[in-house]
Amino acid sequence: MQKVFEELTTAFRKNEGVLHEEQYRHIVTKHTTLLEDPETIFILLQASGYPITQSNEEHYRLETCFTSHKEQRYCVIDIETNGSKPGTSQVIEIGAVMLQNGEVIDRFETFVECAFLPEYITKITGIEPTDLIGAPTRKEALTALRHFMGDAVFVAHNANFDYSFLNASFDRFGLGHIGNPKLCTIDLARRTFESERYGLAYLIDFLEIETATHHRAFSDAVCAAKVMEKSLETLPEYVKSADELLRFSVSSKKERRVKKEKKSE
């Protein structure tokens, strides 16, 4: 499904957020199997969190292109794991906050059942093996997170790690791939304010963010949300929609300079 997400997003951006039915079908049929037709893929796209809607029988919309970045819902996530590789490790704690219009509108926090917790992980996180006894199973916790995320933008500090780890975990338990658009607060911070370093621990001190405990999922998710809030304070005026924010977060200096020059003309 990842190729479908990427190709559709590229096509939507080239067509101002709208695709005709023929354009949509052309892209998705390249990835169709005997068990999946374009209509089924549309259902799977929505279930995966990809923000696609069908405005009528002939047009499809990428909603992030039409939602202002302020009104967009952002699911800021952090996970703690018992190792670095999803193939041999697992999530042990998940924390997330849902943001919209600069406010926290919902929260998600859970331990995850785990039979093996290395001592060094306990030293880093403070999580004890007893904390995980009787916790929701991986499938239960991941399913709950899938429902919590909806089609919000997936946000994390060093998002590639959380996104790829959760993506592999979702796939393992039959929850499909993550289709939610991804935003990394490190990338966004680097483009909006100066700092010697952009690691979360450093930014917590640099921005004087009040935090309960570093290296705990919910606390770090809240801190990542604060970093995002700081970035949005100095966002260029030409960034209006949620999709423009996503593109800005990975833009080059040249791209930002061209945008700024066009705005001033």
Side-chain angles (χ1 to χ4, degrees), residues 45-53 62-81 91-113 125 127 131-132 135-159 161-163 165-167 169-170 173 175-186 188-189 200 203-204 207 209-233 235 241-243 245-246 249:
L45 286 168
Q46 289 191 317
S48 72
Y50 189 73
I52 187 174
T53 60
L62 183 64
E63 289 302 316
T64 48
C65 294
F66 301 96
T67 306
S68 74
H69 71 79
K70 293 180 180 179
E71 295 179 353
Q72 174 65 46
R73 290 184 306 111
Y74 302 93
C75 185
V76 188
I77 296 175
D78 186 78
I79 59 174
E80 301 299 337
T81 66
V91 175
I92 60 172
E93 187 181 31
I94 305 169
V97 290
M98 190 70 74
L99 301 180
Q100 188 176 39
N101 291 313
E103 301 289 336
V104 174
I105 61 172
D106 206 351
R107 56 180 284 169
F108 180 91
E109 183 176 12
T110 185
F111 282 124
V112 183
E113 184 180 58
T125 65
I127 298 173
D131 293 325
L132 309 180
T137 64
R138 278 183 282 175
K139 186 172 184 178
E140 290 171 340
L142 293 169
T143 300
L145 177 63
R146 171 72 277 171
H147 290 307
F148 180 81
M149 288 166 57
D151 63 355
V153 171
F154 182 109
V155 182
H157 209 70
N158 188 23
F161 173 77
D162 300 79
Y163 195 93
F165 202 105
L166 285 170
N167 204 29
S169 301
F170 278 20
F173 288 95
L175 299 174
H177 291 175
I178 298 175
N180 304 65
K182 177 179 61 177
L183 174 66
C184 178
T185 48
I186 292 179
L188 187 60
L200 188 59
L203 291 180
I204 287 172
L207 300 176
I209 298 172
E210 293 185 7
T211 176
T213 310
H214 185 41
H215 283 307
R216 289 300 300 273
F218 185 77
S219 179
D220 283 357
V222 170
C223 291
K226 293 291 186 181
V227 172
M228 182 178 176
E229 182 182 310
K230 172 65 176 179
S231 292
L232 295 180
E233 290 176 359
L235 203 62
S241 71
D243 189 66
L245 175 62
L246 293 168
S249 72

request  = Please tell me if the side chains of Glu93 and Asp131 come closer than 4.5 Å, counting only heavy atoms from C-beta onward.
outcome  = no
message = Do His157 and Asp220 have side chains that approach each other closer than 4.5 Å (heavy atoms only, starting at C-beta)?
response = no
request  = To the nearest 0.5 Å, tell me how far Glu103 CD sits from Glu229 CD.
outcome  = 8.5 Å
inquiry  = Which heavy atom of Arg216 sits nearest to which heavy atom of Thr125, and what is that distance?
reply    = CD-O, 3.0 Å
ask   = When rounded to the nearest 0.5 angstrom, what is the spacing between CD1 in Ile127 and CD1 in Ile92?
value = 4.0 Å
Shortest non-hydrogen separation from Ala221 to Gly95 and the atoms involved = CB-O, 3.6 Å
ask   = Are side-chain heavy atoms of Val97 and Asp106 found at a separation under 4.5 Å?
value = no
note = Hits for salt bridge (charged side-chain N to carboxylate O under 4.0 Å, His left out) against Asp243, two or more places apart or cross-chain, chain-then-number order -> Arg13, Arg247
ask   = So which heavy atom on Cys184 is nearest to which on Ala159, and how close?
value = SG-N, 3.5 Å
message = Let me confirm one number: the OH-CE distance from Tyr74 to Met98, rounded to the nearest 0.5 Å.
response = 12.0 Å
key: Over 12 non-hydrogen atoms of neighbours within 6.0 angstrom of NZ in Lys182   = yes
task = Could you go through the side chain to side chain contact (heavy atoms under 4.5 Å, CB included) check for Phe154 and Asp162 one step at a time?
result = CA-CA 10 Å; Phe154 182 109; Asp162 300 79; 4.1 Å; yes
ask   = Within the side chain of Thr143, is there an N or O that forms a donor-acceptor pair under 3.5 Å with the backbone of Glu140?
value = no
message = Applying side chain to side chain contact (heavy atoms under 4.5 Å, CB included) to Glu109 and Ile94, what does each step give before you reach the verdict?
response = CA-CA 6 Å; Glu109 183 176 12; Ile94 305 169; over 6 Å; no
request  = If the plane angle is over 60° it's perpendicular, under 30° parallel, otherwise tilted; pick one for Phe148 and Phe108.
outcome  = tilted
Atom of Gly179, atom of Pro51 and distance for their closest heavy-atom approach = O-CD, 4.3 Å
Minimum heavy-atom distance Asn180-Gly150, with the two atoms named = ND2-O, 2.9 Å
request  = Measure the CD-NZ distance between Glu210 and Lys226 for me, rounded to the nearest 0.5 Å.
outcome  = 8.5 Å
task = Kindly compute the distance separating CG (Leu245) from OG (Ser68), expressed to the nearest 0.5 Å.
result = 10.5 Å
message = I'd like to check Ile105 versus Arg73 (side-chain heavy atoms, cut-off strictly below 4.5 Å). Are they in contact?
response = yes
query = With side chains defined as the heavy atoms from C-beta onward, is the minimum distance between His69 and Leu235 less than 4.5 Å?
reply = yes
ask   = Val76 versus Thr185: any side-chain heavy-atom pair under 4.5 Å?
value = no
task = Identify whether NZ of Lys or CZ of Arg in Arg146 sits under 6.0 Å from the centre of the six-membered ring of Phe170 and within 45° of that ring's axis.
result = no
request  = Give a yes or no on whether the backbone of Ile178 and the side-chain of Asn167 come within a donor-acceptor separation of less than 3.5 Å.
outcome  = yes
key: Side-chain donor/acceptor of Ser48 to backbone N/O of Leu45, under 3.5 Å   = yes
task = Using atom types as modelled and distance alone, determine if a side-chain donor or acceptor of Gln72 lies under 3.5 Å from a backbone N or O of Ala152.
result = no
task = Mind running side chain to side chain contact (heavy atoms under 4.5 Å, CB included) on Met228 and Val155 for me, showing each step along the way?
result = CA-CA 9 Å; Met228 182 178 176; Val155 182; 4.1 Å; yes
request  = Walk me through it: do Leu203 and Lys230 pass the test side chain to side chain contact (heavy atoms under 4.5 Å, CB included)?
outcome  = CA-CA 11 Å; Leu203 291 180; Lys230 172 65 176 179; over 6 Å; no
key: Cys223 vs Leu200 side-chain heavy atoms within contact, under 4.5 Å   = yes
ask   = What distance separates Tyr163 OH from Asn158 CG, expressed to the nearest 0.5 Å?
value = 14.5 Å
ask   = Nearest heavy-atom pair of Ser231 and Ala189: which atoms, and what distance?
value = OG-CA, 3.5 Å
task = Using a 4.5 Å cut-off on heavy atoms from C-beta on, say whether the side chain of Ile79 contacts that of Val112.
result = no
